[in-house]
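Note: hydrogens, waters and symmetry copies are ignored here, and every other heavy atom, side chains too, is used.
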Amino acid sequence: MPKRYVEYMRVGLVQTNVDARSAWKAGPRMTTDEQESTWEDIRSAFRSFSALSPTPDIVLLPELALPRGQINSLRTAAASLGSIVIAGLDYKIEHETKTVWNEAMVMVPASRRSIPPKVPAFVNIGKTFPAPGEHAKLQQSGWRFRGDPKLWLFRSDDIGDFGVSICYDLMDLERALLYQGRVHHMFVIAYNQDTESFRHHAESLARTMYCNMVICNTGFFGGSIAVSPYYEPWRRTVYRHDGNDMFATQVISLPVQSLDDAQLAAPTSSQKRLFKSLPPGWRRLGARPNLTRQDLHLGRADR
């Protein structure tokens, strides 16, 4: 059987260490001190990634991690690294209506925009559902959260297809059903203190969605994790970082081609027990979920 994808893709995780109690104490805009501190963490992480060969295929930054004043600087760093970067942005604010948006930006390097249809250099993905605590704190300070109902599906010729969720959206079961059968990887960026619940949910979704699940959480709470539906229990947790109030970076490898074979129920003889059995009623679906409004085709990396 001809191979479509790489055997493994490399994902860089950056746990920036932002304390919400000081970062957003004056409202939904990160304080200057925290902006400077988190940007130094991000710069340090990208310097370490740039020293690697090969560099990561994708880099994840947590929810609310990137100060909006540093977006252009991160685009430059992402272009230099040649990696797709998925970064949580500080709140977008509309003062006139006292409205905030919680967004992530997917930055796509030129090497993955070479195949038609033309893919933009960056895409903003909105959070659909605020966490209860997030909603309450915004309301207390007179701000209104506006959710974004769109889902995004990214298709790649070499590292597989993936979706992106922001923190509490991970708990949206309808979202999981829409992505099931259409992705190899689900990337979640978070600022979440209930790390054990997210860990168990990631392990469950890795089986039911039958894909790699990666959660990049803030270093203030820790709990970043990557899970793959391997057959052998000791292999399933690809990465887990526990411990609070710690800045951390890590590069992990996730299966792609062998997972694609398993999703198609067509393993080679050496892969018969590499992954768990497919979940009941599993079927490989088309590229575009029924309710997804955006679907981008990323090219093969030119490196």
Could you label the plane-to-plane angle of the [X] and [Y] rings as parallel, tilted or perpendicular, counting under 30° as parallel and over 60° as perpendicular?
X    : Y    : value
H95  : W143 : perpendicular
F162 : F154 : parallel
H241 : Y239 : tilted

Output the distance between atom [atom1] ([X]) and atom [atom2] ([Y]), rounded to the nearest 0.5 Å.
X    : Y    : atom1 : atom2 : value
N192 : S197 : CG    : OG    : 7.5 Å
I189 : N102 : CD1   : CG    : 7.5 Å
R207 : L278 : CZ    : CG    : 9.5 Å
C216 : I225 : SG    : CD1   : 12.5 Å
L151 : T128 : CG    : OG1   : 6.5 Å
I159 : D57  : CD1   : CG    : 5.0 Å

Spell out, as yes or no, whether a donor-acceptor pair under 3.5 Å connects the side chain of [X] to the backbone of [Y].
X    : Y    : result
T55  : L52  : no
R144 : K98  : no
Q35  : M30  : yes
E63  : Y191 : yes
S258 : P255 : no
Y210 : L259 : no
S156 : D158 : yes

| request: Taking atom types as modelled, find out whether N212 and S228 have a side-chain donor-acceptor pair closer than 3.5 angstrom. | output: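 Looking only at side-chain atoms, S228 and N212 do form a donor-acceptor pair, the distance falling under 3.5 Å.
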| task | Compute whether any side-chain donor of one residue and acceptor of the other, for E34 and T31, lie under 3.5 angstrom apart. | result |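 No, no side-chain donor-acceptor pair sits under 3.5 Å.
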| query | Any salt bridge between D260 and R284, counting N to O under 4.0 Å? | reply |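 Here D260 pairs with R284 in a salt bridge, since their nearest N and O are under 4.0 Å apart.
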| task | Answer yes when E103 and R146 have at least one side-chain N-carboxylate O distance shorter than 4.0 Å, and no when they do not. | result |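 No, E103 and R146 are not salt-bridged.
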| Centroid-centroid under 6.0 Å between F129 and Y168 rings |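 When the ring centroids of F129 and Y168 are compared, they turn out to be at least 6.0 Å apart.
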| message | Can you confirm if the aromatic rings of F275 and Y230 lie within a centre distance of less than 6.0 Å? | response |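 Ring centres of F275 and Y230 closer than 6.0 Å.
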Within the 4.5 Å heavy-atom criterion, are [X] and [Y] side-chain neighbours or not?
X    : Y    : value
V238 : L254 : yes
Q257 : D261 : yes
F220 : Q193 : no
M105 : L66  : no
W39  : S73  : yes
V188 : C167 : no

| Test log, rule side-chain contact (heavy atoms from CB on, under 4.5 Å), inputs V14 and F49 | CA-CA 10 Å; V14 183; F49 291 151; 3.6 Å; yes
Should we say atom [atom1] of [X] is surrounded by more than 12 heavy atoms from elsewhere, each under 6.0 Å from it?
X    : atom1 : answer
E203 : CD    : yes
K137 : NZ    : no
H135 : NE2   : no

| Can you check salt bridge (Lys or Arg N to Asp or Glu O under 4.0 Å) on R182 and D161, steps first, answer last? | CA-CA 7 Å; R182 296 180 171 95; D161 304 340; over 6 Å; no
| Do you know which two heavy atoms are closest between P229 and A206, and how far apart they sit? |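 Taking every non-hydrogen atom into account, CB-O, 3.6 Å.
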| field | Cluster check L64, I125: I/L/V/M/F/W/Y, side chain < 4.5 angstrom | value |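 The answer is no; the residues belong to distinct hydrophobic clusters.
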